[in-house]
Amino acid sequence: MKKTAILFIALLFGSTLFAQKMITRTGEIKFDATVPGAMDEVIGTNKTVSAIFDKSTGELVVLGLVKSFKFKSPLMEEHFNENYMESDKLPKASFKGKVLNYDGKTGSYDLEGDLTIHGVTNKIKTKVTFTNDGKLTLSGAFTVKLSDYKLEVPALAKKTLAETAKITIKLALENK
């Protein structure tokens, strides 16, 4: 009887702690480096982004494979991977940081941490929003200066490829 009670308590606390972590493998990141007024949009979308969010600490880790970004033009996708992002050498983009003062409620929060793109890591700080429509969804957007990540805009592409990119993220999280 004593062993059964101890096992029950261990399972109860273990599942409670385990439930604090939420994951997704179908998160979405959008990369938009379109020059305003340009005829061609430079927008890539990756819908296979993985993330783990710990509700108890606010810690967030996000990982996306660079080759998973899809563009409307196969040629643009090829240039993005081979000439620009060098995805064979540097296959991943990631974020590791924290949602500050997360209290378990929907609403707007500050997010800060380390964003790694093209093998270069920089600190970022932005706002994110949590909504709940059956799943806890984290969404937000921020702008990065491409040269901060050693991404140089080729001279021939300056009319269509901006020097900054807007990164939009949407993560529909589920209990682990």
Side-chain angles (χ1 to χ4, degrees), residues 21-38 40-55 57-72 76-77 79-81 84-87 90-133 135-154 157-158 160-174:
K21 293 203 179 186
M22 302 189 78
I23 66 168
T24 186
R25 288 186 180 90
T26 58
E28 179 178 296
I29 295 178
K30 200 174 276 187
F31 173 93
D32 183 350
T34 304
V35 171
D40 290 328
E41 290 182 333
V42 182
I43 299 174
T45 304
N46 183 339
K47 294 184 178 184
T48 60
V49 175
S50 296
I52 298 175
F53 175 61
D54 188 328
K55 293 190 303 185
T57 64
E59 291 178 22
L60 176 68
V61 177
V62 182
L63 177 67
L65 295 177
V66 175
K67 282 191 176 182
S68 295
F69 280 90
K70 301 299 175 202
F71 292 79
K72 68 179 180 179
M76 191 177 291
E77 196 171 307
H79 285 295
F80 176 80
N81 282 299
Y84 193 60
M85 293 294 285
E86 301 176 284
S87 59
L90 303 160
K92 299 174 187 172
S94 64
F95 173 82
K96 184 176 183 181
K98 189 169 186 173
V99 177
L100 302 179
N101 302 314
Y102 181 71
D103 60 7
K105 298 178 185 170
T106 59
S108 182
Y109 295 88
D110 289 323
L111 173 71
E112 63 180 31
D114 296 325
L115 177 65
T116 302
I117 301 173
H118 198 238
V120 178
T121 303
N122 288 303
K123 295 218 175 286
I124 65 156
K125 186 171 185 178
T126 190
K127 290 271 189 202
V128 293
T129 302
F130 282 96
T131 56
N132 196 336
D133 53 357
K135 288 185 180 181
L136 184 66
T137 301
L138 178 150
S139 57
F142 55 94
T143 301
V144 296
K145 188 174 178 184
L146 299 177
S147 62
D148 289 347
Y149 294 90
K150 295 185 182 175
L151 294 168
E152 301 302 324
V153 177
K158 289 201 185 267
T160 56
L161 186 61
E163 307 244 345
T164 60
K166 180 179 180 183
I167 310 291
T168 307
I169 188 166
K170 184 176 181 180
L171 306 170
L173 300 157
E174 297 178 302

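One-based numbering along the sequence shown.
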K.L.:
Tell me, do N81 and F69 make a side-chain contact under 4.5 Å, heavy atoms counted?
P.N.:
no
K.L.:
Do I23 and K21 pass the side chain to side chain contact (heavy atoms under 4.5 Å, CB included) test, and can you show the C-alpha distance, the side-chain angles, and the key distance before you say yes or no?
P.N.:
CA-CA 7 Å; I23 66 168; K21 293 203 179 186; 5.6 Å; no
K.L.:
Mind running side chain to side chain contact (heavy atoms under 4.5 Å, CB included) on K72 and I43 for me, showing each step along the way?
P.N.:
CA-CA 8 Å; K72 68 179 180 179; I43 299 174; over 6 Å; no
K.L.:
Distance from I117 atom CD1 to M85 atom CE, nearest 0.5 Å?
P.N.:
6.0 Å
K.L.:
For the residue pair K123 and E112, establish whether any side-chain heavy-atom pair is separated by less than 4.5 Å.
P.N.:
no
K.L.:
Just by modelled atom types, is the K170 backbone N or O under 3.5 Å from a matching donor or acceptor in the T137 side chain?
P.N.:
no
K.L.:
Any idea which heavy atoms bring L151 and H118 closest together, and the distance?
P.N.:
CD2-CG, 3.5 Å
K.L.:
So that I know where these two stand, are F95 and F142 an aromatic pair - ring centroids less than 6.0 Å apart?
P.N.:
no
K.L.:
Can you measure from NZ (K55) to CG (L173) and round to the nearest 0.5 angstrom?
P.N.:
9.5 Å
K.L.:
Hey, does Y149 have a side-chain heavy atom less than 4.5 Å from the side chain of L115?
P.N.:
yes
K.L.:
Quick one: does L63's side chain get under 4.5 Å of S94's, heavy atoms only?
P.N.:
yes
K.L.:
Could you check whether E77 pairs with K70 (Lys NZ or Arg NE/NH1/NH2 to Asp/Glu carboxylate O, under 4.0 Å)?
P.N.:
yes
K.L.:
Once you round to the nearest 0.5 Å, how far does CG of N46 lie from OG1 of T26?
P.N.:
11.0 Å
K.L.:
Look at the rings of F71 and F80 and say which category their plane angle falls in: under 30° parallel, 30 to 60° tilted, over 60° perpendicular.
P.N.:
tilted
K.L.:
Less than 4.5 Å apart, side chain to side chain, heavy atoms only: is that true for I52 and D54?
P.N.:
no
K.L.:
Compare every heavy atom of T126 with every heavy atom of A141, then report the nearest pair and how far apart it is.
P.N.:
O-OG1, 3.1 Å
K.L.:
Do L146 and E163 touch side chain to side chain, with heavy atoms closer than 4.5 Å?
P.N.:
no
K.L.:
Quick check: are there more than 12 heavy atoms from other residues, nucleotides or ligands sitting under 6.0 Å from CG of D103?
P.N.:
yes
K.L.:
Whether the side chain of N101 engages the backbone of Y109 through a donor-acceptor N/O pair (distance < 3.5 Å, no angle test) should be reported.
P.N.:
no
K.L.:
Compare every heavy atom of D148 with every heavy atom of V120, then report the nearest pair and how far apart it is.
P.N.:
CG1-O, 3.4 Å
K.L.:
Quick one: OG1 on T160 to CE on M76, what's the gap to the nearest 0.5 Å?
P.N.:
6.5 Å
K.L.:
For the backbone of A51 and the side chain of T24, can you confirm whether one donor and one acceptor N or O come within less than 3.5 Å of each other?
P.N.:
no
K.L.:
Is a salt bridge present between K135 and E174, judged by a nitrogen-to-oxygen distance below 4.0 Å?
P.N.:
yes
K.L.:
Which pair of non-hydrogen atoms, one from L171 and one from G27, has the smallest distance, and what is that distance?
P.N.:
CD2-CA, 3.8 Å
K.L.:
Quick one: does L60's side chain get under 4.5 Å of V128's, heavy atoms only?
P.N.:
no
K.L.:
Give me the atom names and distance for the closest heavy-atom approach of A162 to T34.
P.N.:
CB-O, 3.9 Å
K.L.:
Applying the side-chain contact (heavy atoms from CB on, under 4.5 Å) test to E28, which of T45, V49, T168 qualifies?
P.N.:
T45
K.L.:
Within the 4.5 Å heavy-atom criterion, are D110 and K125 side-chain neighbours or not?
P.N.:
yes
K.L.:
Tell me whether the rings of Y102 and F53 are parallel (<30°), tilted (30 to 60°) or perpendicular (>60°).
P.N.:
perpendicular
